[in-house]
Amino acid sequence: MTTPTTTASTSGYDAEALAAKAYDHLWMHFARMSSYEHNPVPTIVRGEGAYVWDVNGKRYLDGLAGLFVVQAGHGRRELAEAAAKQASQLAFFPLWSYAHPAGIELADRLADMAPGDLNKVFFTTGGGEAVETAWKLAKQYFKLVGKPMKHKVISRHIAYHGTPQGALSITGLPDAKKYFEPLVPGASKVPNTNFYRAPEHGDDLKDFGRWAADQIAQAIEFEGPDTVAAVFLEPVQNSGGCFPPPPGYFDRVREICDEYDVLLVSDEVICAFGRLGTMFGADKFGYVPDMITCAKGLTSGYSPIGATLVSDRIAEPFWKGNNSFPHGYTFGGHPVSSAVALANLDIFEREGLNQHVLDNQDAFRATLEKLRDLPIVGDVRGDGYFYGIEMVKDKATKETFDDDESERLLRGFLSGALFEAGLYCRADDRGDPVIQLSPPLIVGQPEFDEIEQILRDVLTRAWERI
């Protein structure tokens, strides 16, 4: 097993003082703050390539690319320099009826890269805002074309689409929503593409995919075709543990959306920009959506930005007469973020990051598949550089862990043990318990082996505790 490197602290920070300040004042996202009353807050101070270092000098392999974000790896000086250059020339100006060169050039470049006729780019500050934008835009589009009742959306069970009130309604995670209800009405859910736990056609992947797609048609009929505006789907669903689409799934979904005049929104906040080895996830699976929402990997996380890419057909009525889209964000398409995104896309092209993923994705899968010999590993699934490992109590029956067991397994042991072993990844129970992996796109077999060795050791110890 690879031993994480630990050195004397050279960060120049007072670790104890930082931890105390963090607990007293920094409200961390999705965190149980009580966990840090008697334990120091893990504090990361530096990154280089596929690794990060904490305040005490300990090294970790970043197996999650920050949060499905750092495609080009940490410590890319050219991205920092692009930010500094833009900030020194024009640090900020809004895209509210004005433009700036970085935003114009980035929109033009994204339009060239996007599938089909997705030639219009509405910038946001992140992924949740991009999803919010897409729903609002879909509602207004149908009002402008004389179908004002079409306002509802359909998405999948367990899927995560963001935290704004609209995006949270589209999200299919009950626990993520229960404290914030009532939410925006009009969002319904259909089955996802988790073939490992297929409720129908569990012996035939293609038939299962057809069944899952047809559930969307049934939901449209149930809600009323004249009331449904859009279907929101991730190319590979994140929450629940990386569910790839079965063969033919998106072909059938596209047919359904066309039949009922419903917009297909491809939520690619995670799957765009190389995560699957293509610039957009829709490219990987051969479909053309009406809108794409994206963020994260567009800048490799070096500056925040998001975008909603829109087809010419959907944008057309907004380009007529007195019509406008009364929606926007102060920092949407920020000049510095736009400049960083352009520099990041230069890296993609110069270093062939998409092709690197395509060349190595089979090796990544094969390395993770080795873990199937462990009694706790039920399934290994995903695509590109985006994988989930589902843990079970019984491989023969696929029996999962109950809520208390999952709590003890994930939060009581796995999350801390993986981090202590030098691997930053995600142990998640939004659905059945999984470990998610999404490393920077620059990694190869040495990092795959390190991930497998650490997981093998920690999962073996986890099984012994059950």
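All values below were derived from every heavy atom in this structure, side-chain atoms included, with hydrogens, water molecules and symmetry-related copies excluded.
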Which atom pairs, one a donor and one an acceptor, fall under 3.5 Å between side chains of residues 382-389 and the rest of the protein, sequence neighbours left out?
{"unit_1": "D383", "atom_1": "OD1", "unit_2": "K284", "atom_2": "NZ", "d": "2.4"}
{"unit_1": "Y385", "atom_1": "OH", "unit_2": "V443", "atom_2": "O", "d": "2.9"}
{"unit_1": "Y387", "atom_1": "OH", "unit_2": "R365", "atom_2": "NE", "d": "2.9"}
{"unit_1": "Y387", "atom_1": "OH", "unit_2": "R365", "atom_2": "NH2", "d": "3.1"}

Name each donor-acceptor pair under 3.5 Å that joins a side chain in residues 110-132 to protein atoms two or more places apart or in another chain, with its distance.
{"unit_1": "D117", "atom_1": "OD2", "unit_2": "D312", "atom_2": "N", "d": "3.4"}
{"unit_1": "N119", "atom_1": "ND2", "unit_2": "D117", "atom_2": "O", "d": "3.4"}
{"unit_1": "N119", "atom_1": "ND2", "unit_2": "D312", "atom_2": "OD2", "d": "2.8"}
{"unit_1": "K120", "atom_1": "NZ", "unit_2": "D312", "atom_2": "OD1", "d": "2.9"}
{"unit_1": "T124", "atom_1": "OG1", "unit_2": "G126", "atom_2": "N", "d": "3.4"}
{"unit_1": "T124", "atom_1": "OG1", "unit_2": "G126", "atom_2": "O", "d": "2.9"}
{"unit_1": "T124", "atom_1": "OG1", "unit_2": "G306", "atom_2": "O", "d": "3.4"}
{"unit_1": "T125", "atom_1": "OG1", "unit_2": "E129", "atom_2": "OE2", "d": "3.1"}
{"unit_1": "E129", "atom_1": "OE1", "unit_2": "G126", "atom_2": "N", "d": "3.4"}
{"unit_1": "E132", "atom_1": "OE1", "unit_2": "G166", "atom_2": "N", "d": "3.2"}
{"unit_1": "E132", "atom_1": "OE1", "unit_2": "A167", "atom_2": "N", "d": "2.8"}
{"unit_1": "E132", "atom_1": "OE2", "unit_2": "G166", "atom_2": "N", "d": "3.2"}

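Of the charged side-chain nitrogens involved, none lies within less than 4.0 Å of a carboxylate oxygen, so that D404 and R408 do not count as a salt-bridged pair. Salt-bridge check for K395 with E390: failed, with every basic side-chain N at 4.0 Å or more from each acidic carboxylate O. Comment: K393 does not engage D402 in a salt bridge, judged by the lack of any side-chain N to carboxylate O separation of less than 4.0 angstrom. Comment: R197 engages D432 in a salt bridge, judged by a side-chain N to carboxylate O separation of less than 4.0 angstrom. Using a cut-off of 4.0 Å between Lys/Arg side-chain N and Asp/Glu carboxylate O, D379 and R372 are scored as salt-bridged. For R313 and E316, the salt-bridge test fails: no basic side-chain N is under 4.0 Å from an acidic carboxylate O. Salt bridge D258/R254: present, at least one basic N to carboxylate O contact under 4.0 Å.
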| query | Are T278 and N354 close enough, and set up right, to give a side-chain hydrogen bond (donor to acceptor under 3.5 Å, both in side chains), and what steps lead you there? | reply | CA-CA 5 Å; T278 50; N354 285 327; over 6 Å; no

| query | Would T193 and Q237 count as a side-chain hydrogen bond (donor to acceptor under 3.5 Å, both in side chains) if you check the C-alpha gap in whole Å, the side-chain angles of each, and the deciding distance to 0.1 Å? | reply | CA-CA 8 Å; T193 59; Q237 182 174 315; 5.7 Å; no

| Chi angles and distances behind the side-chain contact (heavy atoms from CB on, under 4.5 Å) call for H334, I305 | CA-CA 7 Å; H334 192 284; I305 197 169; over 6 Å; no

| Which is it for E234 and E268 under the side-chain contact (heavy atoms from CB on, under 4.5 Å) test, yes or no, and what are the steps along the way? | CA-CA 6 Å; E234 297 166 276; E268 306 205 12; over 6 Å; no

| task | Show your reasoning for whether salt bridge (charged side-chain N to carboxylate O under 4.0 Å, His left out) applies to E181 and K177. | result | CA-CA 6 Å; E181 294 174 329; K177 301 190 287 186; 5.8 Å; no

| Yes or no on salt bridge (charged side-chain N to carboxylate O under 4.0 Å, His left out) for D373 and R456, after CA distance, side-chain angles and deciding distance? | CA-CA 10 Å; D373 66 346; R456 178 170 295 278; 3.1 Å; yes

| Given R156 and K189, is the side-chain contact (heavy atoms from CB on, under 4.5 Å) satisfied, shown in steps? | CA-CA 5 Å; R156 296 185 290 202; K189 307 295 177 288; over 6 Å; no

| task | Check the pair N344, E78 against side-chain contact (heavy atoms from CB on, under 4.5 Å), reporting the backbone distance first and the verdict last. | result | CA-CA 9 Å; N344 183 56; E78 60 263 54; over 6 Å; no

| For D394 and K398, what are the C-alpha separation, side-chain angles and deciding distance, and is it a salt bridge (charged side-chain N to carboxylate O under 4.0 Å, His left out)? | CA-CA 5 Å; D394 189 312; K398 301 183 183 179; over 6 Å; no

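Between the D204 side chain and the D207 main chain, a donor and an acceptor come within less than 3.5 Å of each other. The main-chain N or O of G333 is found under 3.5 Å from a side-chain atom of H100 such that the two form a donor-acceptor pair. Between the side chain of T299 and the backbone N or O of S337, no donor-acceptor pair lies under 3.5 Å. The backbone N or O of G66 sits less than 3.5 Å from a side-chain atom of Y424, completing a donor-acceptor pair. In this structure, N192 contributes its side chain and H157 its backbone to a donor-acceptor pair below 3.5 Å. Without hydrogens or angle criteria, R426 side chain to L64 main chain gives no donor-acceptor distance under 3.5 Å. Looking only at distances, a side-chain donor or acceptor of H151 sits under 3.5 Å from a matching main-chain atom of M149. Proximity of a side-chain donor or acceptor of Q71 to a complementary backbone N or O of F273 within less than 3.5 Å is detected.
Applying the salt bridge (Lys or Arg N to Asp or Glu O under 4.0 Å) rule to D283 yields no partners; only residues at least two apart in sequence or on another chain are considered. Residues forming a side chain to side chain contact (heavy atoms under 4.5 Å, CB included) with T227 (at least two apart in sequence, or on another chain): K152, E223. Residues satisfying the side chain to side chain contact (heavy atoms under 4.5 Å, CB included) test with L459, not counting sequence neighbours, are L374, I376, V377, M391, L414, I435, L455.
Rounded to the nearest 0.5 angstrom, D290 CG and S266 OG are separated by 10.5 Å.
The stretch residues 158-174 participates, sequence neighbours left out, in these side-chain hydrogen bond (donor to acceptor under 3.5 Å, both in side chains) pairs: H161-D267.
Note on ring orientation: taking the six-membered ring where Trp is involved, the planes of F195 and F208 are tilted (angle from 30° to 60°). Between H327 and Y329, the ring planes are perpendicular. Angles over 60° get that label, and only those under 30° would be called parallel.
By the 6.0 Å contact criterion, CZ on F222 is open, its count of non-hydrogen atoms from other residues, nucleotides or ligands being 12 or less. In the displayed structure, K206 atom NZ is contacted under 6.0 Å by at most 12 heavy atoms of other residues, nucleotides or ligands. Heavy-atom contacts from other residues, nucleotides or ligands closer than 6.0 Å to CE of M28 number more than 12.
Here the shortest heavy-atom pairing between I154 and A219 reads CD1-CB, 3.7 Å. Across all non-hydrogen atoms, the minimal contact from P191 to W211 is CG-CH2, 3.7 Å. Nearest heavy-atom pair across Y141 and I314 is CD1-O, 3.4 Å. What you find for V336 and A91 is that their closest heavy atoms are CG2-O, 3.8 Å. Heavy atoms only, all atoms of each residue included: D62 and P440 are closest at O-CD, 3.1 Å. Nearest heavy atoms, F413 versus V458: CE2-O, 3.6 Å.
Looking at Q436 and N238, their side chains do bring a donor and an acceptor atom within 3.5 Å of each other. No side-chain donor from either of R76 and S300 sits under 3.5 Å from a side-chain acceptor of the other.
Between P289 and Y287 there is a side-chain heavy-atom pair separated by less than 4.5 Å. Residues F180 and L183 meet the side-chain proximity criterion, which asks for heavy atoms closer than 4.5 Å. Inter-residue side-chain proximity for V265 and T293 is flagged as met; some heavy-atom pair is nearer than 4.5 Å. Counting only heavy atoms from C-beta outward, the side chains of I442 and L353 approach each other to under 4.5 Å.
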